[in-house]
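Reading through the C-alpha coordinates given below for one structure.
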Amino acid sequence: IIKKNKFLLVLIISIFISQNWINLFYISSRNPDFSKYYDYINYFMGLNVDIDYGQNSLYYLLVTALLKNKIETITFGNLDFVISFSVQNLNLLLFIFSLFGFYHLLKEMDFKNNTIFISLTLFCFFPQALIARAFMKPEIFVLALFPWIIVFFERFLKNGSINELYKAIPFLVLICNSKASAAGMTIIYLFISYFEILKKLSLKNFIIIFVSFLTLFSLIQFENFKITNNFIYDRVYDEEYDYKA
(Lines give C-alpha, C1' and ligand atoms only; values in the text may rest on other atoms or scores of the structure.)
Protein backbone atom coordinates (compact mmCIF):
# COMPACT_ATOMS: atom_id res chain seq x y z
CA ILE A 1 0.00 0.00 0.00
CA ILE A 2 2.82 2.38 0.88
CA LYS A 3 4.55 1.77 -2.46
CA LYS A 4 1.34 2.59 -4.33
CA ASN A 5 0.62 5.77 -2.43
CA LYS A 6 3.47 8.25 -1.98
CA PHE A 7 1.27 10.53 0.14
CA LEU A 8 0.90 7.78 2.73
CA LEU A 9 4.68 7.45 2.84
CA VAL A 10 4.98 11.21 3.33
CA LEU A 11 2.51 10.97 6.23
CA ILE A 12 4.51 8.20 7.90
CA ILE A 13 7.74 10.18 7.48
CA SER A 14 6.01 13.27 8.88
CA ILE A 15 4.91 11.36 11.98
CA PHE A 16 8.48 10.14 12.45
CA ILE A 17 10.07 13.57 11.96
CA SER A 18 7.59 15.46 14.15
CA GLN A 19 7.85 12.88 16.93
CA ASN A 20 11.64 12.92 16.94
CA TRP A 21 11.59 16.72 16.97
CA ILE A 22 9.44 16.60 20.11
CA ASN A 23 11.62 13.91 21.73
CA LEU A 24 14.84 15.80 21.06
CA PHE A 25 13.80 19.35 21.92
CA TYR A 26 11.15 19.07 24.62
CA ILE A 27 11.20 17.42 28.05
CA SER A 28 7.65 16.74 29.18
CA SER A 29 8.50 16.62 32.88
CA ARG A 30 9.64 20.25 32.77
CA ASN A 31 6.27 21.57 31.67
CA PRO A 32 4.81 24.02 34.24
CA ASP A 33 1.70 21.87 34.65
CA PHE A 34 3.61 18.60 35.11
CA SER A 35 3.87 18.94 38.87
CA LYS A 36 0.08 19.25 39.11
CA TYR A 37 -0.42 15.77 37.71
CA TYR A 38 2.73 13.98 38.87
CA ASP A 39 0.92 12.55 41.89
CA TYR A 40 -1.10 10.37 39.53
CA ILE A 41 2.14 8.62 38.61
CA ASN A 42 3.18 8.44 42.27
CA TYR A 43 -0.15 6.83 43.10
CA PHE A 44 0.16 4.15 40.44
CA MET A 45 3.75 3.58 41.54
CA GLY A 46 2.33 2.59 44.93
CA LEU A 47 3.02 5.75 46.93
CA ASN A 48 0.53 7.15 49.42
CA VAL A 49 -0.32 10.56 47.95
CA ASP A 50 -3.25 12.95 47.81
CA ILE A 51 -4.37 13.87 44.30
CA ASP A 52 -5.77 17.37 43.88
CA TYR A 53 -7.73 16.78 40.66
CA GLY A 54 -10.68 14.63 39.66
CA GLN A 55 -9.52 13.95 36.13
CA ASN A 56 -9.80 10.45 34.73
CA SER A 57 -6.90 8.27 35.87
CA LEU A 58 -6.71 5.96 32.84
CA TYR A 59 -4.36 8.22 30.89
CA TYR A 60 -1.94 8.49 33.82
CA LEU A 61 -2.18 4.75 34.44
CA LEU A 62 -1.01 4.16 30.86
CA VAL A 63 1.86 6.62 31.31
CA THR A 64 2.90 4.80 34.48
CA ALA A 65 2.71 1.42 32.74
CA LEU A 66 5.24 2.57 30.13
CA LEU A 67 7.39 4.15 32.83
CA LYS A 68 7.48 0.90 34.81
CA ASN A 69 8.90 -0.89 31.78
CA LYS A 70 11.87 1.47 31.98
CA ILE A 71 12.17 1.47 35.79
CA GLU A 72 15.46 -0.45 35.78
CA THR A 73 17.11 2.13 33.53
CA ILE A 74 16.28 5.10 35.76
CA THR A 75 19.12 6.91 37.52
CA PHE A 76 19.26 10.23 39.32
CA GLY A 77 20.60 11.88 36.16
CA ASN A 78 18.12 10.56 33.60
CA LEU A 79 14.80 10.50 35.49
CA ASP A 80 13.39 13.47 33.60
CA PHE A 81 14.28 11.95 30.25
CA VAL A 82 12.81 8.52 31.02
CA ILE A 83 9.55 10.08 32.20
CA SER A 84 9.49 12.35 29.16
CA PHE A 85 9.96 9.49 26.71
CA SER A 86 7.26 7.46 28.48
CA VAL A 87 4.82 10.36 28.18
CA GLN A 88 5.67 11.16 24.60
CA ASN A 89 5.65 7.54 23.42
CA LEU A 90 2.19 7.02 24.88
CA ASN A 91 1.07 10.30 23.33
CA LEU A 92 2.41 9.08 19.98
CA LEU A 93 0.28 5.92 20.17
CA LEU A 94 -2.79 7.98 21.06
CA PHE A 95 -2.01 10.43 18.26
CA ILE A 96 -1.74 7.63 15.70
CA PHE A 97 -5.06 6.25 16.97
CA SER A 98 -6.57 9.70 16.38
CA LEU A 99 -5.14 9.76 12.84
CA PHE A 100 -6.89 6.46 12.10
CA GLY A 101 -10.07 8.03 13.42
CA PHE A 102 -9.73 11.11 11.24
CA TYR A 103 -8.92 8.92 8.25
CA HIS A 104 -12.15 6.94 8.66
CA LEU A 105 -14.08 10.16 9.30
CA LEU A 106 -12.84 11.76 6.08
CA LYS A 107 -13.56 8.54 4.18
CA GLU A 108 -17.12 8.70 5.48
CA MET A 109 -17.28 12.18 3.98
CA ASP A 110 -16.07 10.81 0.61
CA PHE A 111 -12.68 12.49 0.50
CA LYS A 112 -10.04 10.83 -1.64
CA ASN A 113 -7.07 9.10 -0.03
CA ASN A 114 -4.51 11.59 -1.36
CA THR A 115 -6.46 14.51 0.08
CA ILE A 116 -6.79 12.72 3.41
CA PHE A 117 -3.10 11.87 3.68
CA ILE A 118 -2.08 15.43 2.80
CA SER A 119 -4.45 16.81 5.45
CA LEU A 120 -3.17 14.41 8.10
CA THR A 121 0.42 15.25 7.18
CA LEU A 122 -0.24 18.93 7.77
CA PHE A 123 -2.02 18.04 11.01
CA CYS A 124 1.18 16.36 12.28
CA PHE A 125 2.87 19.78 12.33
CA PHE A 126 -0.14 21.75 13.55
CA PRO A 127 1.04 23.62 16.70
CA GLN A 128 -1.75 22.39 18.95
CA ALA A 129 -1.17 18.80 17.80
CA LEU A 130 2.51 19.12 18.67
CA ILE A 131 1.68 20.55 22.08
CA ALA A 132 -0.81 17.79 22.82
CA ARG A 133 1.83 15.18 22.00
CA ALA A 134 4.48 16.86 24.16
CA PHE A 135 2.55 17.49 27.39
CA MET A 136 1.40 15.00 30.02
CA LYS A 137 -2.21 16.14 29.94
CA PRO A 138 -5.45 14.30 29.04
CA GLU A 139 -6.10 16.47 25.97
CA ILE A 140 -4.24 13.95 23.79
CA PHE A 141 -6.48 11.21 25.20
CA VAL A 142 -9.54 13.23 24.19
CA LEU A 143 -8.06 13.85 20.75
CA ALA A 144 -7.57 10.11 20.25
CA LEU A 145 -11.20 9.30 21.03
CA PHE A 146 -13.13 12.25 19.61
CA PRO A 147 -12.94 11.52 15.86
CA TRP A 148 -14.24 8.00 16.43
CA ILE A 149 -17.41 9.38 18.01
CA ILE A 150 -18.00 11.50 14.91
CA VAL A 151 -17.33 8.47 12.69
CA PHE A 152 -20.02 6.42 14.44
CA PHE A 153 -22.45 9.35 14.42
CA GLU A 154 -21.93 9.87 10.69
CA ARG A 155 -22.44 6.18 10.01
CA PHE A 156 -25.68 6.22 11.98
CA LEU A 157 -26.95 9.13 9.92
CA LYS A 158 -26.09 7.21 6.75
CA ASN A 159 -27.37 3.73 7.53
CA GLY A 160 -29.61 4.23 10.57
CA SER A 161 -28.00 1.33 12.47
CA ILE A 162 -28.45 1.83 16.21
CA ASN A 163 -25.31 -0.27 16.78
CA GLU A 164 -23.22 2.67 15.56
CA LEU A 165 -24.43 4.75 18.52
CA TYR A 166 -23.71 1.90 20.91
CA LYS A 167 -20.12 1.85 19.61
CA ALA A 168 -19.79 5.57 20.36
CA ILE A 169 -20.85 5.25 24.01
CA PRO A 170 -17.51 3.98 25.48
CA PHE A 171 -15.56 6.70 23.65
CA LEU A 172 -17.93 9.42 24.82
CA VAL A 173 -17.91 8.12 28.39
CA LEU A 174 -14.11 8.17 28.54
CA ILE A 175 -14.00 11.73 27.20
CA CYS A 176 -16.65 12.91 29.65
CA ASN A 177 -14.64 11.38 32.50
CA SER A 178 -11.31 12.76 31.32
CA LYS A 179 -11.65 16.44 32.14
CA ALA A 180 -14.59 18.74 32.91
CA SER A 181 -13.72 21.31 30.23
CA ALA A 182 -13.27 18.62 27.57
CA ALA A 183 -16.54 16.99 28.60
CA GLY A 184 -18.41 20.28 28.36
CA MET A 185 -17.02 21.24 24.96
CA THR A 186 -17.63 17.77 23.53
CA ILE A 187 -21.24 17.55 24.70
CA ILE A 188 -22.08 21.07 23.49
CA TYR A 189 -20.51 20.39 20.09
CA LEU A 190 -22.29 17.05 19.65
CA PHE A 191 -25.61 18.48 20.77
CA ILE A 192 -25.42 21.37 18.29
CA SER A 193 -23.92 19.47 15.36
CA TYR A 194 -25.81 16.19 15.72
CA PHE A 195 -29.14 17.23 17.17
CA GLU A 196 -30.65 15.45 14.17
CA ILE A 197 -29.76 12.13 15.78
CA LEU A 198 -32.12 12.84 18.69
CA LYS A 199 -34.94 13.40 16.21
CA LYS A 200 -34.31 10.03 14.56
CA LEU A 201 -34.17 8.01 17.78
CA SER A 202 -37.23 6.26 19.08
CA LEU A 203 -38.04 6.80 22.75
CA LYS A 204 -37.05 3.22 23.55
CA ASN A 205 -33.63 3.52 21.89
CA PHE A 206 -33.03 6.92 23.49
CA ILE A 207 -33.72 5.50 26.97
CA ILE A 208 -31.45 2.50 26.35
CA ILE A 209 -28.59 4.68 25.12
CA PHE A 210 -29.02 7.25 27.90
CA VAL A 211 -29.15 4.60 30.64
CA SER A 212 -26.15 2.77 29.15
CA PHE A 213 -24.16 5.99 29.02
CA LEU A 214 -25.15 7.05 32.54
CA THR A 215 -24.38 3.62 34.00
CA LEU A 216 -20.96 3.36 32.42
CA PHE A 217 -20.16 6.98 33.25
CA SER A 218 -21.13 6.44 36.90
CA LEU A 219 -19.04 3.27 37.22
CA ILE A 220 -15.93 4.96 35.84
CA GLN A 221 -16.54 8.08 37.91
CA PHE A 222 -16.92 5.94 41.05
CA GLU A 223 -13.67 4.12 40.32
CA ASN A 224 -11.94 7.42 39.66
CA PHE A 225 -13.32 8.88 42.89
CA LYS A 226 -11.78 6.00 44.85
CA ILE A 227 -8.40 6.89 43.34
CA THR A 228 -8.49 10.69 43.53
CA ASN A 229 -11.13 11.33 46.21
CA ASN A 230 -12.42 14.02 43.85
CA PHE A 231 -15.16 14.38 41.30
CA ILE A 232 -14.39 15.34 37.72
CA TYR A 233 -15.11 19.02 38.34
CA ASP A 234 -12.94 19.20 41.50
CA ARG A 235 -9.57 20.89 41.29
CA VAL A 236 -7.19 22.68 43.63
CA TYR A 237 -7.80 26.40 44.10
CA ASP A 238 -5.30 28.49 42.14
CA GLU A 239 -5.15 32.24 42.74
CA GLU A 240 -3.46 32.97 39.40
CA TYR A 241 -6.79 32.36 37.63
CA ASP A 242 -8.76 34.85 39.72
CA TYR A 243 -10.55 37.54 37.67
CA LYS A 244 -9.26 36.14 34.38
CA ALA A 245 -11.47 35.08 31.48
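Just so you know, these numbers use all the heavy atoms, side chains as well, and skip hydrogens, waters and symmetry mates. Here the structure is a predicted model, which means the values were calculated and not measured.
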**Message:** Between F135 and Y26, is the side-chain contact (heavy atoms from CB on, under 4.5 Å) condition met? List the steps.
**Reply:** CA-CA 9 Å; F135 291 179; Y26 192 84; 3.0 Å; yes
Exercise for review: Over 60° means perpendicular and under 30° means parallel, so classify the ring planes of F123 and F95, tilted if in between.
Suggested key: parallel
message: Any non-hydrogen side-chain atom of F34 less than 4.5 Å from a side-chain atom of I83?
response: yes
Side chains of R133 and Q88: does their closest heavy-atom pair fall under 4.5 Å?
no
Side chain to side chain donor-acceptor pair (under 3.5 Å) filter on N91, not counting sequence neighbours, yields Y59
Q. side-chain contact (heavy atoms from CB on, under 4.5 Å) between I51 and N42: does it pass, once the steps are laid out?
A. CA-CA 10 Å; I51 299 175; N42 288 330; over 6 Å; no
- Message: Using side-chain hydrogen bond (donor to acceptor under 3.5 Å, both in side chains), reason through D39 and Y53 one step at a time and then give a plain yes or no.
- Response: CA-CA 10 Å; D39 278 336; Y53 297 85; over 6 Å; no
Quiz item: Angle class for the F213/F217 ring planes (parallel below 30°, perpendicular above 60°, tilted otherwise)?
Solution: parallel
Next on the checklist: Between F195 and L190, is there a side-chain heavy-atom distance shorter than 4.5 Å?
Outcome noted: no
**Prompt:** Is it the case that S202 and N205 place a side-chain donor and acceptor less than 3.5 Å from each other?
**Reply:** yes
**Asked** Does the ring center of Y60 lie less than 6.0 Å from the ring center of F44?
**Response** no
Inset, instruction - Taking the side chain as every heavy atom from C-beta outward, state whether L93 and N89 have any atom pair closer than 4.5 Å. - result: no
Practice item. Give a yes or no on whether K112 atom NZ has more than 12 heavy-atom contacts from other residues, nucleotides or ligands under 6.0 Å away. Key: no
For residues 218-232, the salt bridge (charged side-chain N to carboxylate O under 4.0 Å, His left out) pairs (sequence neighbours left out) are E223-K226
Tell me whether the rings of Y189 and Y194 are parallel (<30°), tilted (30 to 60°) or perpendicular (>60°). perpendicular
Any side-chain heavy-atom pair from N229 and D50 closer than 4.5 angstrom? no
Worksheet item: Is there a side-chain contact between T64 and Y43 (heavy atoms, below 4.5 Å)?
Response: no
| Within a radius of less than 6.0 Å around NZ of K158, do more than 12 heavy atoms belonging to other residues, nucleotides or ligands occur? | yes
Are F7 and F117 close enough that their ring centers fall under 6.0 Å?
-> no
**Prompt:** Do H104 and W148 come close enough that some side-chain heavy atom pair is under 4.5 Å?
**Reply:** yes
Notebook entry, point to check: Heavy-atom count around F206 CZ within 6.0 Å, excluding the residue itself: above 12?
Noted result: no
